[in-house]
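Working notes, structure below.
For the numbers below, each heavy atom of this structure counts, side chains included, while hydrogens, waters and symmetry mates do not. In what follows, chains carry the letters A, B, and so on, assigned in the order in which the sequence lines appear, proteins first and then strands, with residues in each chain numbered from 1.
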Amino acid sequence: MPEGVEAGPDSLGPLMDAQVPAVVAVVVTTDPGPWLEEALSSLAAQDYEELSVLVLTTGEDDSEVTDRVARVLPDGFVRHLPGRPGYAAASNEALGMVEGAAFFLLLHDDVALDPDAVHKLVEESFRSNAGVVSPKFVNWDDPRVLLHVGLSCDKTGAVVDRITEGEFDHGQHDAVRDVFVAPGGCILVRADLFAELKGFDAGIVAMGEDLDLSWRSQVAGSRVVVAPDARVRHREVIAGGLEPLVLAGEPEGRHPVTMQSLQRRHELRSVLKNYTRLTLVRVLPQAALLAFGEVVVALFARDRDRVRAVSGAWRWNFRRLTELSKLRGELAEHRLFPDAEVRRLQVRGSARLSAYLSRLSHHGFVAANAVAATRERPEDENGHAAVAVLTGSVGSAFSEDADFDELDDLGRRAGRDRFGRQVRTAPLTSGRQRVVALVIACIVIAIGTRDLFFGTLPFVGQLAPLPSWSGSWHHFFSGWQSSGVGTTAPASPAFGLIGLTGTVLFGAMGTLQRVLLLGCIPLGAWGVARFLKPLVSPRARVVAVICYLGVPLPYGALGAGRWDGLVAYAVFPFIALRLARAAAVAPYALEPGPRWRSRPIGQVAILGAVIAAASGFAPAVLPMVLVMAVAWVLGSALVGAREPTVRILVVAVQAVVMAIVLTLPWVVGTALAGKGSVAIFGLPLSGATAPDWGDVLRFAVGPAARSPIAWLLVLAAALPLVIARGTRLAWASRLWVTALASWGLAYATTRGDLGSFTPSETVVLAPAALAVAVCIGIGIAAFENDLSGREFGWRQLVSGAALVFVAVGLLPVLGAAAGGRWDLPSQGVEQPLAFLTQPSTGVARVLWLGDPRALPTGGWSVESGLAYALTPEDLPTSAQVFAPAGPGPASEVAKAVRLAVAGGTVHLGRLLAPAGVRYVVVVDALAPSLVGVEPASLSAPPPAGLNADLLHQSDLQVVPGVLGVQVYENGADMPVTATRAGGLPVRASGYPSATDVAGWQSVLSALSNGSAATGAVPSGTLYAGYAPAGAFTLKVDGKTVARQPAFGWAAQYAVTAKGHAALSLSQFPLVPLVVLLELAAWVVLALAVIGRPRREREPLAVAAPLPAEPVRSTETVTL
Amino acid sequence: MTPAHTSHERRWRVAALVVLVIAGVAIAAGVRGTPAPVGAAPSPSALVGAPDAESTAWYCTGQSAAGGVSPGFLVLTNTAPRPVSAAITFVSDSGATAHAIATVPPRGVVVPAIPALSGSWESETVITSGGGLAVTQTVSDALGWSQAPCQSTTSDQWYFAGGSTAAANELYVSLFNPTATPVVVDLSFVTPAGTVHPINYQGIVLPAGQVAVENVATEVQEISTVSTIVTTRTGRVVAAEVQELIGAGGTTGGLSLVPGVMTPQSHWVIPQAQEVPGGPSEIDVFNPGSTTESVTVRFRLPSGPLAPLSKKVLPGTTWALPASAQTRIPDNQTYATAIDATGGSGVVVSRTVGVIDGATPPPQAGMALAVDGLSSAVPTHEWVVPPPGTSGSPAVSGAAPEYLALFNASASSETYSATATTASGNKVVAAGTLQAGTEVVVPASTLAVAGLDPIVVRASGPLAVSEDVGPSAGIGMVSMPGIPLAAAIDA
């Protein structure tokens, strides 16, 4: 009724007025700042007549607050609550103080309402039949900037905002809609609902009470809606860090309670008490897994606050399980909706993970974590966050275009324009389509790999179990390896990496093996996406990534158990990217930045580090980098590209030199192997079993995805040679020359055309796989750009055919995925050779013979197609997989095998005896083929007649009952460390006689990685079959015993009296020292790469860090 | 054409390079073909090891105990210019074993004593220290005698082309497992009526170091031509056949020891043979493979070649060619025979001379293996022909070489020399040049220079070497092929 007009006696006005629901605004304030008056004034200015204001003061200095309220709201009520009960508990006091209210308007003291806000909130409550109504929150100082228009959350309670940070209000969110969370600060709630729910959760002192109330309201059957027409300004003095968070009752600890930790613990609290038990069984493990991942990432990022917040949340809640159970029971009494219904408005998946991956894909690890650790977040000159604000979807990794603006408020794409018309887009032009395509590709890969995620990997190829984390470190630093009969050559740097990552994973070496193996495939795909980013459109990138995932090479390598092929597949995209950047091959260029890594030398160093790390697992990566560089130069020259060709070569050489420097001890140890050092790249295969030209071209080097259809991918890759121009043509030329070089080298080496230089074909083919995938992407980009606007002709037809080729060419991998393990055998030699793991008498060795691809361990070549390896009497481990280049004295074993194969002996067992060989194992396939159990795997037979030659030996006896492999027991064996009473010393060199190897008794324990072999010994001759003999010292009862040579390489000692003997490495620890230096070089490089910006040189490029500020509640959507 | 594609960019260079490389390598790969599987080249079943070998082994089987079907002894012939010691393990079919050490002087011959073991049949393993030693064995009984090389390797398959169980003939298959691994053996027999797999000869278990002899005549009865296949299910064995050809009344006939053949081959040569008037003889060509073989048999008389005979030999069948029925071959005329097979994995060839009743004195019947292509084409082009014993231990009374036949198995003329080697020096027995496809027969009078010394044959190319040993009253009944040398020895 208008002011000044009195109602007549028959007026219905009073009756009508009486039906206006009474609203009580409950303002909780604690030591309020100067904004209180403005907030209260906004209440006083409301056009809603039935509005009462109840101000609840907490803390001290009550009188002053009362006076301040009285000055602005003379009709307001003020009540003082002793202590600091917290906002939620204080608000709940209104339930006992107020009667007759229809609504409570629960307010912070830093919220100012527009004059019609209450009116519109109440109106919307009735219109929507909502129990809880939230207004639109805008910035206190700049109302154009939105703060919240309702919130949502995911299944783990992680709150996600519907708007982006700093988003301006253009009315884009002004539709009334259901939301999951009504943000705290201003909530209109039906009084009966509030009472039924017993108000806020008093256990939540701050942060998260709004989530909990909204959640419980929905469980109780009420809607939560946002009414954007009702606008309030929010100062966010606590969440924004303007006022410190003061909490009563929180224990004093070494680390103060932060907003982040409160938010995390209360999110988890809401999850634990608002879901039913059944739902918790499903959701809680997911939440725990995500939390664990978040902690791991935070540890990497040195974000200790986050680590404490996440882990503390779980500790805090698990101490209150009884209380939570009781609260869950209370809520159950009011439950009207099941969890499935309540979850309807929750965000799918993990909000934090999605946002984190999005940032990761856009800005890399450091930037992504810099956002989380806000103290490291740089600002631009306007004070805005320099890091781009993302939409929180992994799909944005491919979303440089603006189409992500089409995402609706729940991350869904409306698919219609503003006039409601269906928008029709070309394939893969929208971010959603690309995301869907990538997700499908990932699903296919996941399906194809599903059997490998769990369980035990077979002893196939190079898949022997990793040593323990400590064992890896020990092996890395040890001055002696057990490979062959022993060597002092430094171990592969791979053991350093394995040790490091194993340490980080707390010794979960099985998990580490899977992560390293299976992670190579997505890592390679990611590398292709990064490599192509400056070169092609997002659509072309997606196609190229899918094609890289669709090349049979990694699955062939995985099915054959080849570490090296997978590692090469993963790293070559990154190597190509770094090489292109460092050499500034257009359109690649060094990204300017303040850090050392942005400089050319930094880029070269990083490239060198990548090569060094990869070559530890796949040594052939090293020469292939040079091959790739030369191919790029040739490719540039072929199309007449004006590129810094010399620079490419210089950078590649520099990087390789850097890689050599970073692995210098290993490289030197390899070089000392002489002409045999090339064996480090791979062992010669038999030409008869080597892949033919067609196999090489279609990457059919393993058991999986060998269909000739894969040829079509190669054909499709030729598209840019026909239609591309400019930079794209230049790159297509470089990559095609690379592919030709790669294919040619793979074909020639497997056929033995390059002599003993036979790098692993799975490694050599990796650049070709990259070239094919990238060329397909370039072809798409060329179609988009170079044929745009041209008349329809044969080029368009060719392009269409290429697309069909791509689609069909991916089918082999698609089909191979059905198996679930890429044809990797389900069991290797561990099943038939299980007896090797049983304890046996004395220290002995196993001689492995077979095709290099079939050996489940690293080895050396006897001849083309026949490799050998010596391992301790047990199943091999990865310590033997990455064998040194030179066999050392173990070459005597190869000589003996050659002699037997040539018919020069029938005493092979005797010739092998000095090396302690008890068993000879001949493998003829990647995995034993067991009828009815194991299908035939990749056949890699040893040279014909090998088994006949071994059967011909008078002292080798077939071990019966071993299926799938041929095992011979040496009837003339002698232990590695043995003694015999008296007797003549064994001869220094030449073929051992029957007398030489007879009568030995085992003594001493095993010598592993340099630890001493000890035990009681009688008087007599003690034999030690470890090399190099000069590196060992035998002490009996502390006295050194003189060493004499035996069999040309081993040692014998004349022990004059029985006693306790110890055989130990006694040489100067040169290897550990140089390996330590190597490690130091890596640390220095790492510090230089991730170190602080060089402010004094490039001050303008350095962004000043933000002042320390607490995490805002809205930022909890970021990991 | 768009301007983009008419620019200075030389896209076709790259395209041409790609096409050229991919197509070029494909063509080159096709021309080159798939490399042969790596592995040791197939070697003859009897091969004298290189002198610098650490050790070699010889396996001898087919002898019986004294008083048995085929008692005999070993002849150890050292081709090396240094002494070679040999560790001999004797084993009988009863499981009894004995050991002996023999030292063979440089270029000398030793006949070690055979210990008496319980049992009916015996086998020996001879392991030498170093190489250069050839081991042969001789067997004899009242019907005749025979000489054959021992085997220097084991195999999982052995083939025998000839054999007869007709009338009173007895055919024994001797199986010896000299390895340290038990083996399981199956025997199959190819007869004119088809292949038979007697149940009693399936799954014969032969423990390590054991010997077993099966009398074929008990399961495959009254078959004039029986080819035999020995197959192991596991492991490898050595196999030989002992053939007793018994004439009417049981007083005439012959005894033959025939070593098995490991690998069917495409080229075989019978360097010397002779048809005795009224005497039956046949050449057995056995095709154990799975494809039909086109077999051509070429006879060559001293006067020149005869018109060849050809036949398609089906898989798993034996072509028994009655040589004595060939009118083109005159009686009492020495002739050579070359057998070539194409179309499959090869054949196995032997020659059988039947019992001649009525002749006086009756010539010995017998069965002898043809000289296989692997032995002829040994890379060293050197062979040793061990003697049939020593003067102190002759095979039979008066046993001595009668004819040494050399057949040029190559397509070009080759030079040759035959040298009797002794510790005191070498004596050249014969030397000359052989035209392609021709043979030379060194008569007994010339061979008398060598006496019972081993003869080493050297040539510039492949030769089929065979020595006919008497007394047998005919050529080709008792013959000793030249055993190839793995490494050349000093002249």
Side-chain angles (χ1 to χ4, degrees), chain A residues 635 638-640 686-690 692-694 697 718 721-726 729-730 732-733 736-737 740 743-744 747 751-752 786-787 790-791 795 863-866 899 901-907 911 941-946 948-949 951-958 960 968 971 991, chain B residues 1-5 7-22 25-30 32 34-43 47 49-50 52-57 87 89 125 127-129 131 152-156 178-183 208 234-236 486:
Chain A
L638 275 174
V639 292
S686 163
T689 59
D692 61 27
W693 183 233
L697 286 183
L721 293 182
V722 179
I723 66 169
R725 58 174 298 202
L729 177 60
S733 174
W736 262 103
V737 176
L740 291 178
W743 284 324
Y747 181 72
R751 298 276 158 154
D786 300 332
L787 294 187
R790 305 297 175 190
E791 291 180 357
R795 289 184 181 82
E863 60 185 35
S864 293
L866 178 60
L899 193 64
V901 169
T905 184
V906 292
H907 294 139
L911 303 187
L946 176 66
D949 294 328
L951 278 169
H952 187 51
Q953 304 304 311
S954 62
D955 42 18
L956 294 185
Q957 180 178 3
V958 172
Y968 303 86
Y991 295 129
Chain B
M1 183 170 287
T2 65
H5 303 101
S7 66
H8 65 282
E9 292 166 336
R10 291 165 286 194
R11 68 180 64 249
W12 300 115
R13 280 190 189 181
V14 190
L17 177 71
V18 168
V19 171
L20 279 177
V21 170
I22 291 180
V25 175
I27 293 170
R32 185 180 178 182
T34 303
V38 174
S43 61
L47 181 69
D52 61 351
E54 189 273 339
S55 56
T56 63
T89 301
T125 299
I127 294 182
T128 70
S129 294
S152 59
T153 186
T154 56
S155 177
D156 54 2
T179 71
T181 303
V183 297
T234 61
R236 294 160 68 89

Considering all heavy atoms, the nearest [X]-[Y] contact:
X: Leu899(A); Y: Glu54(B); value: CD2-CB, 3.7 Å
X: Val14(B); Y: Val639(A); value: CG2-CG1, 3.3 Å
X: Arg13(B); Y: Leu638(A); value: CD-O, 3.2 Å
X: Val722(A); Y: Arg11(B); value: O-NH1, 3.3 Å
X: Val958(A); Y: Thr181(B); value: N-OG1, 2.8 Å

With a 4.5 angstrom heavy-atom cut-off, which part of [X] approaches chain A: side chain, backbone, both or neither?
X: Leu17(B); answer: both
X: Ser152(B); answer: backbone
X: Ala50(B); answer: neither

Shorter than 4.5 Å, heavy atoms on both sides: which option in [options] has the most such pairs with chain A?
options: Asp156(B), Val25(B), Val21(B), Ile22(B); value: Val25(B)
options: Gly30(B), Ala180(B), Ser55(B), Ala53(B); value: Ser55(B)
options: Pro178(B), Ala26(B), Gly49(B); value: Ala26(B)

Quick one: of Leu721(A), Leu946(A), Asp955(A), Asp692(A), who has the most non-hydrogen atom pairs under 4.5 Å with chain B? Leu721(A)

Is it the backbone or the side chain of Leu866(A) that comes under 4.5 Å from a heavy atom of chain B, or both, or neither? neither

What part of Tyr968(A) gets closer than 4.5 Å to chain B, counting heavy atoms only: side chain, backbone, both or neither? neither

Side chains of His952(A) and Arg236(B): closer than 4.5 Å at any heavy-atom pair? no

Interatomic distance, OG1@Thr153(B) vs CG@Asp949(A), rounded to 0.5 Å, equals 7.5 Å

